[in-house]
Structure formats: structure tokens, C-alpha cells
Number of protein chains: 2
Amino acid sequence: MSCSTTLKNKGYRLTPQRRLILDIIHEADVHLTAEAILGQLEDRISGVNKSTVYRTLELLEGLGLVVKSDICGGRVYHHAEEGHHHHLVCKSCGRQFHCDEAVLEPLKESLREKLGFEADLNHHIIRGLCAACQS
Amino acid sequence: MSCSTTLKNKGYRLTPQRRLILDIIHEADVHLTAEAILGQLEDRISGVNKSTVYRTLELLEGLGLVVKSDICGGRVYHHAEEGHHHHLVCKSCGRQFHCDEAVLEPLKESLREKLGFEADLNHHIIRGLCAACQS
DNA sequence: TATCTTATTGCAACAGGATGCAATTGCAAT
DNA sequence: ATTGCAATTGCATCCTGTTGCAATAAGATA
């Protein structure tokens with residue numbers, strides 16, 4: 001089921017702006033800032049306002065179609081189906097490392113069993129010190 | 001060792017603004033927004049600029065004296081010695097729950113052993129669905 | 001106490017993000 | 001095709017947080 005169909009089925013309108021934002025996000029293989037999305041949008045149709053971009057991204061995130069995360073002091077977005085991956089961010093050198101989902105699974109189960117809390121650890125960010133910076 | 005002494009020992013100047021910000025944070029038993037800190041600061045000395053507040057908070061956070069976290073779309077600060085506690089935030093109803101440090105310990109060890117990454121899970125925020133909202 | 005160095009501040013401007021309102025428009029019904 | 005409803009947008013403004021620069025001041029030294 002495409003994202004456009006999801007929007008329609010949930011009663012939202014499929015405006016040209018929303019279609020294009022979805023296209024831009026689908027085509028991207030990197031995380032995009034709102035600004036980048038706005039830039040690409042302006043290349044395709046003129047007169048789009050940034051508030052529309054922010055609103056659309058908020059809507060898409062709320063519907064689970066887009067994932068928003070804060071990395072390196074900036075906010076980025078990517079498609080929700082891109083797969084689950086997590087970032088370990090070193091507070092000292094700023095580098096990012098990939099972290100397998102399997103590592104977070106025990107925590108997820110623990111929270112579920114002990115507290116009845118269904119954690120959403122999709123695209124979770126964990127800060128700390130990388131091996132190189134610990135010395 | 002007091003926070004003021006820490007600042008001095010690390011070569012930073014103890015300006016009146018910094019002293020007062022430290023006082024305000026020490027006196028507070030709740031998380032404070034930058035705006036709240038600025039407001040209380042203005043009650044004590046006049047003419048303080050918000051950029052000073054933000055800069056001081058950044059400095060204190062960098063020195064580990066203050067903890068900054070993002071809760072409910074806003075950024076709050078509290079004293080670093082307040083103790084380790086973690087927030088489970090429900091994405092549906094917005095409520096927050098306390099989570100024991102022991103729950104995060106296995107993850108911390110896992111990251112250390114498998115990836116050599118020393119995770120800083122102090123005041124970590126985990127989003128998901130609480131028991132009530134899962135039905 | 002006076003002087004000096006330079007860290008720190010206030011200020012203005014800026015950037016990213018959010019909001020209220022009137023105009024516009026998507027889309028269902030006819 | 002036309003109409004009507006209300007969702008959505010553009011616009012202006014606001015809010016939170018950041019940055020560069022000149023003025024100010026903390027604190028060390030004599």
C-alpha cells in the first residue's frame with residue numbers, strides 16, 4: 001500500500017504539495033532536512049511555503065509514514081519503510097555508528113514485561129563515547 | 001565540590017550571571033526550561049540577556065554539571081546530581097513514567113561488549129505506548 | 001590600588017520551527 | 001459540469017535557540 005493511498009484512506013487530502021513531498025522522501029537514499037525537502041520542492045513547483053513542509057512532515061510522522069530524528073543538532077527525516085536502524089553518536093568526536101536492532105531487543109522485552117510499556121525503539125539514538133575516544 | 005568551584009578550577013570565570021543560574025538550578029526540584037530560568041534570573045538582577053542563559057546552560061551541560069533533555073517537544077534542564085532517572089514517554093497520551101536504571105543496564109553492557117561503545121544512558125528518553133494506550 | 005588580558009556579556013540579527021487567519025482548493029455530492 | 005464544505009495552504013508573525021561583534025568585566029599581577 002502506497003503512502004498516498006494511506007493518506008486517502010485515512011481521510012486526508014492528496015494535495016500536490018503532499019504528493020511531491022512523498023516523492024522526494026521516497027527518492028532519497030539519505031536523511032533529509034526540512035530545508036532540503038523545501039529546496040527540492042521549490043525546484044518542482046513554485047510558491048510553496050515552508051510551513052506547508054513542516055506541517056506535512058508532522059502529519060506524515062504522525063501517521064507513521066516518515067521517521068523524524070535529531071542528529072547532530074539538526075532534525076532529519078526519512079521514509080519509515082527504510083528499515084530499522086539506530087545510531088550510536090559519540091559525544092566527543094561526533095561520529096556515528098550503526099547499531100543492530102538485535103541489541104535493543106532485550107530492552108524492548110524488558111520494558112514490555114516489567115512495565116507494560118511498548119517501546120518504540122525504531123531509529124533510536126544513543127549517545128556515549130566510542131572506543132577511540134574512551135582513552 | 002560545588003559547581004562554582006568546578007567552574008573556577010576549569011579556568012572559567014564566575015560571573016554573577018553564572019552564579020545565579022547555578023543557584024536557580026540548585027534550588028529547583030523540577031525540570032526548568034530556559035525561559036523559566038531566564039524569568040527567575042530577571043527577578044534577581046536586571047538586564048540579563050537570554051543569550052547568556054543559553055550559553056551558560058550549554059557550558060554547564062558540556063561540563064556535566066547540568067543535564068539537558070527534550071521532553072514533550074520542549075527542552076528542559078536540571079542539576080546533574082539530581083540522580084539518574086529515565087523517562088518513558090507515551091506517544092499517544094503524552095504521559096511520562098519512571099523507569100529504573102537497572103532496566104537499561106543490560107543494554108549498556110551489551111553495547112560495551114559488542115561494540116566497545118560506552119553508552120551514556122543518563123536521563124534517557126524512550127518513547128512508545130503505555131499499557132493504557134495499547135488497547 | 002591600578003593595569004592588563006581576555007573571557008564574557010548584551011545586543012542585534014539570524015535560523016529553524018510553529019501558529020493563527022483568510023484565501024484557496026480537493027473532492028464528494030448532485 | 002456545478003456546488004458546497006471544510007481541509008489545506010500561503011502569509012505574516014511569533015517562539016525557541018544560535019551567532020558575530022563590540023563593550024564590559026572577572027581576575028591575575030604588580
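Chain A is the first sequence line, chain B the second, and so forth, proteins listed ahead of strands; every chain is numbered from 1.
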Do any side-chain nitrogens or oxygens of A/Gln17 fall under 4.0 Å of OP1 or OP2 in C/dT25?
-> no

Answer with base, sugar-phosphate or nothing: what part of the nucleic acid does B/Ser51 contact at a heavy-atom distance below 4.0 Å?
-> base

Measure the distance from CG on B/Asn9 to P on D/dA28 and round it to the nearest whole Å.
-> 11 Å

Over how many whole Å does the gap from B/Lys8 atom NZ to C/dT8 atom P extend?
-> 13 Å

Between atom CZ in A/Arg19 and atom P in C/dT25, what is the gap in whole Å?
-> 15 Å

B/Tyr54, nearest nucleotide to its side chain (from D/dG17, D/dA26, D/dT9) = D/dG17

Would you kindly compare A/Val48 and B/Arg13 by the position of their nearest DNA chain D nucleotide and give the one closer to the 5′ end?
-> A/Val48

Do A/Arg55 and C/dG17 have a side chain to base donor-acceptor pair shorter than 3.5 Å?
-> no

Rounded to whole Å, the CG-P distance (A/Leu7 to C/dG26) equals 14 Å

Of A/Glu35 and A/Asn49, the one whose nearest nucleotide on DNA chain C sits closer to the 5' end is A/Glu35

Distance in angstrom units between B/Lys50 NZ and C/dA15 C1', rounded | 11 Å

Please confirm whether any donor atom in the side chain of B/Arg75 sits under 3.5 Å from an acceptor in the base of C/dG16, or the reverse.
-> no

Classify the side chain of A/Arg18 versus the base of C/dG26 as yes if they form a donor-acceptor pair under 3.5 Å and no if they do not.
-> no

When we call it a touch if two heavy atoms are under 4.0 Å apart, what does B/Gly47 touch: a base, just sugar-phosphate, or nothing?
-> sugar-phosphate

Does B/Glu35 CD have over 12 foreign heavy atoms under 6.0 Å away?
-> no

